[in-house]
Amino acid sequence: MDLSSLNPAQSRAVMAVEGPILVLAGAGSGKTRVLTHRIASLIETHDIFPSNILAITFTNKAANEMRERIEHLIGPVSQQMWVGTFHAICVRILRRDGDRIGFGNDFVIYDTADQKALLKVCYKELGIDDKRQPLKSTQYKISNAKNDMLTPEGYEKEFGGDFTERDFIKLYKRYQEKIKQNQAMDFDDLLLNTLLLFKEAPDVLAGYQQRFRYIHVDEYQDTNRAQYLLIKALAGKHHNLFVVGDGDQSIYKWRGADIRNIREFELDYPGAQLIKLEQNYRSTQYILDLANSVIKQNPNRKDKVLWTDRGKGQKAKYYKAYDERDEANFVVRQIKRLVREEGYRYKDFAILYRTNAQSRAFEDLLIVEQVAYKVVGGLKFYERKEIKDILAYLKLVVNPQDDVSFQRVINEPKRSIGGKSIEKLQMYAQERGLSLLEACGEPEAMALLSGKARQGAEAFYQIIGALKAKVDTAFVSTIFDDLMAQTGLITLYEQERTIEADARIDNIYEFKSVIDAFEQRNEAPNLRDFLAETTLRSDQDSIEDTDDSILLMTIHASKGLEFPVVFLVGLEENLFPSFRAADDPEALEEERRLCYVGITRAENMLVISHAMNRTQYGRYEARFPSVFLTEMDTACIDGIDPAGVEMPHKEKPKQSYFSIGKSSVAASKLVPKPMKPTEAAQTGSVENIDFVYKPGAKVMHKVFGSGMIISVNGSILTIAFDNKGIKKLDADIAPLKPIG
DNA sequence: TAATGTGCAATTTTT
DNA sequence: TTGCACATTA
C-alpha cells in the first residue's frame, strides 16, 4: 500500500487498524481519501477479507464514489464489501432476515409523500381534525419517535399520561398498523425495524457482528440516535469502528442528527484513538481564516484550525446590494467578467443561499442574460407527479397490498373513480381483510360500483394483473413500456399540448433512461430492487459537472462539494441566520456551522453579499446585515466597511416596517434604520424614505390602480381610486407605491 | 366527477 | 409572491 501521497495525520489514520478510531476531518482535509486508503490497506496489507468490511455513508453519491475509489485502488475484489447508505444497508439486511420479525421481503418503501397520504387516511378514519393536530407535525413527531427507537407502544408508555398526546398516539398507532398492512416501510422504519430485528433475533445480529469485523462510518456527526444504535450494535463484538466526521459541519439537527454522537465518541468507546485532520487541500488561507473566524464563535466545539500550504490567495469580496435584484445583478456581472477576463468556465461557479426561494432573482436574470445554469433541489425529479404516478403503478405491481399507491393511481388517468367509489371499495376490503387492489378482483365488490367506475376499476385491475404476471421474467424496461401502452399516460399528456405536459413527457422519457441505466448496471435487475434504489435516491446523487452551467443551490445541498468560485449570498438577519434561530442559541450555532460549510466550499475565491431590501412573501422589506458578517475577520475581506455593517438594535422590531416602494437613496448609503411609515409621515424627515403618505399624494395600488390619498389616520389611509372608488387601506400591508 | 375559486402559510430535506 | 389544501360550482 502506497501511503506516500498522504500527510502524517492521514497516514496515522490509515494505519490505525484495530479498535475504535475517531477521525475529526475538517472541511476539505481529504477524509474520503483517508477512508478509501484505509479500507484498501485493510485488504491489501492486513489481509482482511473484503466481505468483513462495512462502509456506511449518508448519500448514494458518497457510497458510489467510495466504492469506485476503492476499486480503483485494489480492483474488483472490493465488490465483496458492503458499501452503502444507512438506509440501503438496512434494506439489504431486512430483505435477508426481516422474516424473523414478520416482514416479507417484497416490502416497498414509502417516501414522505406516501407517508403523508397514508397519514391522511388515518386522520380520516380516526376523525381527527388536522387543524388541531397538524399533519406536518404528526409526520415530524413520528419520525422523531422512530429515530429515538420509540414504537407506538413505547411512546404510549412514556407519554401516554399526557392527554395532549392522545390524538398523536392514536395516529401513530394507526399509521404503524396500516403501513405494516400495506407491506411498506418508511425511511425511518428501515432503521427502526433493523434495530428491532437485532433485538428480537440476537443470532441474526451475531451473524452480522461476526461478518462486519471492520466498520466505517462517514459523516458521523450527522447520525441520529437510531443510526448510532445500529452502529453500536454492529460494532458490539469486534469494536473495530472507524468513524469520520466534523462537528463543525453538523447541519442536520432538525433531521434528528445528534451532535453528541461525535462529541462523546470517546466516552462511548473507551480507548478510542483521536486523529485530527487539519490540513486543508481545497481552499486558500484567506478563505480558511475567514471560515475559522466565524466557526470559533461557537462554544463547546472541539478546537480545530484549518490551514493550507496553498498560499494566502485572495481576500473574499464583499458586496452590499440595494435589493435582491441588485444582488443578482452584481453576481451575474462578476461571473461574466471572470469568464471573460480570467478564463473561468461557468461550471466553476456556485451561488449558495439559505432558502430555495432565493434562487428566483438569480434565475430571472440568468434567463435574460442567457447564461446556462442549473438549480439543485427544489422539486425533485422523483417527486414530480408523473414520476410518482409511474412509481406507484410499479409498486403496486410488486406489492398488491399497497393501498397508498392504489389510491394514488386508481384514477390516474381518469377512470371516473372518485371519493365515493373508493369509499365503497374500502368498506368492502376492510370487512374481508383485503387490499383495495384485491377488492377490484372480486365481482361482488365491483357490483357495488356504478357503471363507469366499475369499468374503470376492472380495467385497472387487468392492467396491474397483466404486469404482475410478467414481473419475474420480463425486464423492468419491458414492464415500463407495457405500463405506458396500457395506461396511455404518455399519449394523454401528448394530447394536452401544453408546456407543462411536454415537460412531463420529457421527464417520463428521462425516467425510462434511469431504468435502462439500472439494467445495465445490474447483473440480475429486478423491479423490486429498482424501486428501492429509486426511492432511496436523492437529487444530490445526480449532480453532474458535465455541462458548463452555473450551479445554484442551498448551502445544505452544497455540503461535500467544492467550487473554484463561491458566491455566498443573502447574509441577512432573519434569512441567514434564519428567523427561526432568533431566540434559540443552539439553532444559531447550527446556522453558524452552515455558514462555515458555505465558506469552506470555495477553492480560490469567495464572494459574500447581502441586500438592504428584499422582497419576501410579496412584501418589500428593509433588511439588516447578518450577525455572521460582524463575526468575520475583516482582514480576510476586501471591500467590507465594518462601520457599514450596522447591527440590529437589541429590541429590534419583529418585522420590518418598510412597505413603501423603492427609495431613491443610493445603494451605498448606510443600512436603513427601521421606521414605521406612519412615523415617517409624522416626522417627514427620514432620508431613506423619499415618499411620505399625506393627503393629496398620488399612489399606485397593485389591484386598484392609481388614486389619491384623501386622509391619513395612523397607518390607515383613505384613498380615492380613479376607477375603484374610495377605500381604506393599511399602509403597512397594502401593496402601495407612490407615483409622481 | 371534474373544474374552478379562495384562504392561508411560508427554512434547510443526506434517506 | 407562490403553492397548497379545501370548498364550491358546473
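Excluded from the calculations below are hydrogen atoms, water molecules and symmetry mates; all remaining heavy atoms, backbone and side chain alike, are included. Keep in mind it's a predicted model, so treat the numbers as computed, not measured.
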(Q) Check this one for me: any side-chain N or O of A:S421 less than 4.0 Å away from OP1 or OP2 of B:dT1? (A) yes
Q. So, A:F460 versus A:F406, ring centres under 6.0 angstrom or not?
A. yes
Q. At under 4.0 Å, does any side-chain N or O of A:N356 touch on OP1 or OP2 of B:dT11?
A. no
Q. Base, sugar-phosphate, or nothing: which does A:R354 touch, judged by heavy atoms less than 4.0 Å apart?
A. base
Q. Between B:dT1 atom C1' and A:I422 atom CD1, what is the distance in whole Å?
A. 12 Å
Q) C1' atom, C:dA5 versus B:dT12: distance in rounded Å? A) 23 Å
(Q) What's the gap between C:dG3 and B:dT14 when it is taken at their C1' atoms, as a whole Å value? (A) 25 Å
Q) Looking at residues 141-150 of chain A, who's got a heavy atom less than 4.0 Å off DNA chain B? A) none
Q.
Expressed as a whole number of angstroms, how long is the span from A:L119:CG to C:dA5:C1'?
A. 16 Å
Q: Mind listing the residues from residues 584-595 of chain A sitting with a heavy atom below 4.0 Å of DNA chain B? Number order is fine.
A: A:E591
Q) Among all residues two or more places apart in sequence or in another chain, which pass the ring-ring contact (aromatic ring centres under 6.0 Å, His included) test with A:F58? A) A:F86
**Q.** First of A:D188 and A:G419 reached from the 5' end of DNA chain B, by closest nucleotide
**A.** A:G419
(Q) Going by salt bridge (Lys or Arg N to Asp or Glu O under 4.0 Å), name the residues that satisfy it together with A:E383, two or more places apart in sequence or in a different chain. (A) none
Tabulated below should be each protein N or O lying under 3.5 Å from an N or O of nucleotides 6-10 of chain C; please produce it.
from	atom 1	to	atom 2	distance (Å)
C:dC6	OP1	A:D130	OD2	3.4

Polar atom pairs (N or O), protein with nucleotides 2-10 of chain B, under 3.5 Å:
from	atom 1	to	atom 2	distance (Å)
B:dA2	OP2	A:N411	ND2	3.1

Q. Excluding sequence neighbours, so at least two apart, what forms salt bridge (Lys or Arg N to Asp or Glu O under 4.0 Å) with A:R67?
A. none
(Q) Looking at every non-hydrogen atom in both residues, tell me the closest pair between A:R354 and A:L594 and how far apart they are. (A) NE-CD2, 3.4 Å
Q: Grab the OH-C1' distance between A:Y252 and B:dT11 for me, whole Å please.
A: 12 Å
**Q.** Nearest heavy-atom neighbours spanning A:P413 and A:L492
**A.** CB-CD1, 3.2 Å
Q.
Restricting to non-hydrogen atoms, name the atom on A:Q221 and the atom on A:Q249 that form the minimum distance, rounded to 0.1 Å.
A. NE2-O, 3.8 Å
**Q.** Residue list, side-chain contact (heavy atoms from CB on, under 4.5 Å) with A:K232, at least two apart or on another chain
**A.** A:Y228, A:D268, A:Y269
(Q) Is the phosphate of B:dT12 approached by A:S578 (side-chain N or O, under 4.0 Å from OP1 or OP2)? (A) no
Q: Just compare C:dT1, B:dT13, B:dT14 and give me whichever is closest to any side-chain atom of A:R360.
A: C:dT1
Q. Does A:Y252 have its ring centroid less than 6.0 Å away from the ring centroid of A:H556?
A. yes
Q) Should A:V376 and A:L551 count as side-chain neighbours, where that means a heavy-atom distance under 4.5 Å? A) yes
Q. Considering residues at least two apart in sequence or located in another chain, which fulfil the side-chain contact (heavy atoms from CB on, under 4.5 Å) criterion with A:D364?
A. A:R360
Q) Is there a donor-acceptor pair closer than 3.5 Å between any side-chain N or O of A:R282 and the backbone N or O of A:E562? A) no
Q. Between A:S450 and A:R255, which is nearer to the 5' end of DNA chain B once each is assigned its nearest nucleotide?
A. A:S450
**Q.** Whole-Å distance separating the CE atom of A:M553 from the P atom of B:dT11
**A.** 20 Å
Q) Under 4.0 Å between a Lys/Arg side-chain N and an Asp/Glu carboxylate O for A:R260 and A:D258? A) yes
Q) Out of A:D189, A:D186, A:T151, which residue meets the side-chain hydrogen bond (donor to acceptor under 3.5 Å, both in side chains) rule with A:Q176? A) A:D189
**Q.** Non-neighbouring partners of A:D111 that pass side-chain contact (heavy atoms from CB on, under 4.5 Å), sequence neighbours left out
**A.** A:A113, A:D114, A:F187, A:K388, A:T535
Q: Among A:K180, A:Q139, A:Q115, find the residue that satisfies the side-chain hydrogen bond (donor to acceptor under 3.5 Å, both in side chains) test when tested with A:Y175.
A: A:Q115
Q: Sort by first number and list every stem of DNA chain B: at least 3 consecutive Watson-Crick or G-U wobble pairs, both distances under 3.5 Å.
A: B:1-10 with C:1-10
Q. Between atom CD in A:Q249 and atom C1' in B:dT14, what is the gap in whole Å?
A. 13 Å
Q. Roughly how many Å is it from NZ in A:K559 to P in B:dT11, rounded to a whole number?
A. 21 Å
Q.
Once side-chain contact (heavy atoms from CB on, under 4.5 Å) is applied, do any residues pair with A:T138, and if so which ones, sequence neighbours excluded?
A. A:L119, A:Y123, A:Q133, A:I142, A:F168, A:L171
Q. To the nearest Å, how far apart are A:Y140 OH and B:dT11 P?
A. 14 Å
Q. Within less than 4.0 Å of OP1 or OP2 of C:dA5, is there a side-chain N or O belonging to A:K116?
A. yes
Q. How many Å lie between CZ on A:F58 and P on B:dT14, as a whole number?
A. 13 Å
